[in-house]
Amino acid sequence: MESFQVSILKLYDLCLKDEDEELVSKARELGWQNPSEYDTLVLEEAEWGKIKRQVDQNREEYHVVGVKGGSQKINRETVSDPRIDLLIHPGKDRKDSGFDRGTAQLAAQNNVSLCLDFSRILEEDKQRTHVLSEWRKNLGLCKKYNADFTVSTFATTEYELRHPRDLMSMVESLGFSGTEAFDTSETIIEKNRRKLDSDSPSGVWER
Amino acid sequence: MKRKIPAERKSQRYIKFKIHSDIDHCLSDIVEEFWSSVHSYMGSKDASQAEPWLIANKFSRQNQEGVIRVNRGFEDDLRTSLILIDEVQGEDVFLSTQDVSGTLKRLD
């Protein structure tokens with residue numbers, strides 16, 4: 001008889017902080033993996049030089065390194081650096097989405113994933129329309145150029161948390177694959193966990 | 001009125017949700033926020049096609065759970081509308097989907 005291998009998707013909220021115990025227990029109750037099992041570094045600086053310095057110093061201590069984008073230079077440099085895992089909010093303080101064809105191609109080449117920040121959507125209605133339209137454009141580019149994307153709640157209180165399946169539905173409601181988003185999170189964690197645990201040369205992040 | 005034959009009936013989905021909040025909310029508070037969120041996310045046009053309906057006799061104030069009926073194909077849109085609710089009567093709140101089914105019986 002043929003046997004089937006069923007893989008169960010592990011649901012990681014990559015940018016969830018593990019400092020608040022109530023938040024962690026609520027996240028686990030909703031079905032997220034325990035955020036204490038992995039460490040995430042989110043960098044937010046106005047200059048690329050400062051970000052680069054922090055990546056140089058901290059890459060080997062964190063499972064996930066993400067950069068909050070904004071300026072064209074930071075967005076481009078982030079997706080050009082294979083040591084960085086996530087580009088978060090590339091359209092910050094910009095009129096456009098900050099994520100264009102070139103950025104998407106570089107992100108695909110260097111395995112940098114676009115991270116959707118769900119907390120932005122909980123802001124006022126007018127902003128919400130812009131965020132959704134930006135997401136739709138960015139996800140379209142990711143799909144076209146085979147770049148990965150993921151979604152995170154960025155919750156700081158338990159009321160900002162959401163069920164992972166509901167976030168999948170949101171991505172699917174925009175016309176893209178929700179499973180793919182969580183597949184990316186799992187791949188990032190597993191890949192970097194192997195690199196952090198091993199002493200072999202393959203466990204080195206190359207620039 | 002004569003009952004429609006199965007092939008003519010609209011296929012519907014039932015979505016069971018849970019309210020996460022410090023206080024217990026009654027159905028009327030949720031209904032208001034629910035419609036506001038559905039109209040904000042789906043708009044009147046899509047909402048009219050989805051025909052969402054909060055089933056009153058399936059709402060449990062004790063467990064803070066309820067069931068919404070929606071036309072098939074609009075489940076994801078409705079679930080997204082539910083997660084956009086972050087406040088009910090000035091209290092912080094969030095909703096999560098427990099289950100989706102084609103029959104009410106399976107949700108019990």
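Under a cut-off of 6.0 angstrom, the local environment of CZ in Arg101(A) is sparse, with at most 12 non-hydrogen atoms contributed by other residues, nucleotides or ligands. Crowding of Arg193(A) atom CZ: a count of heavy atoms from other residues, nucleotides or ligands under 6.0 Å exceeding 12. Other residues, nucleotides and ligands contribute at most 12 non-hydrogen atoms within 6.0 Å of the CD atom of Glu22(A). More than 12 heavy atoms of other residues, nucleotides or ligands sit less than 6.0 Å from atom CD of Gln49(B). Residue Lys16(B) places its NZ atom among more than 12 non-hydrogen atoms of other residues, nucleotides or ligands, all under 6.0 Å distant. Lys18(B) NZ: more than 12 foreign heavy atoms inside a 6.0 Å radius. Other residues, nucleotides and ligands place no more than 12 heavy atoms under 6.0 Å from the CD atom of Glu21(A). Taking a 6.0 Å sphere around CH2 of Trp35(B), one finds it holds more than 12 heavy atoms contributed by other residues, nucleotides or ligands.
For Glu158(A), the part lying near chain B is the backbone, with the side chain staying farther off; criterion is any non-hydrogen pair under 4.5 Å. Looking at Tyr41(B), only its side chain comes within 4.5 Å of chain A, counting heavy atoms on both sides. For Asp46(B), no part sits under 4.5 Å from any heavy atom of chain A, backbone or side chain.
Side-chain polar atoms of Asp76(B) and Ser169(A) form a donor-acceptor pair below 3.5 angstrom.
Distance check: Arg165(A) CZ to Ser96(B) OG gives 13.0 Å after rounding to the nearest 0.5 Å.
The side-chain heavy atoms of Arg79(B) and Ser173(A), taken from C-beta on, include no pair separated by under 4.5 Å.
Of all heavy-atom pairs between Ile83(B) and Phe118(A), the closest is CD1-CE1, 3.7 Å. When every heavy atom of Phe94(B) is checked against every heavy atom of Leu161(A), the shortest pair comes out as CD1-O, 3.3 Å. Taking every heavy atom of both residues into account, Ile85(B) and Arg162(A) meet most closely at O-NH2, 3.4 Å. What you find for Thr97(B) and His163(A) is that their closest heavy atoms are O-CD2, 4.1 Å. Nearest heavy atoms, Leu95(B) versus Asp166(A): O-OD2, 4.0 Å.
Contact count against chain A (heavy-atom pairs under 4.5 Å) is highest for Thr80(B) among Thr80(B), Leu82(B), Asp86(B). Ranked by non-hydrogen atom pairs under 4.5 Å with chain B, the options Leu132(A), Leu30(A), Ile121(A) are led by Leu30(A).
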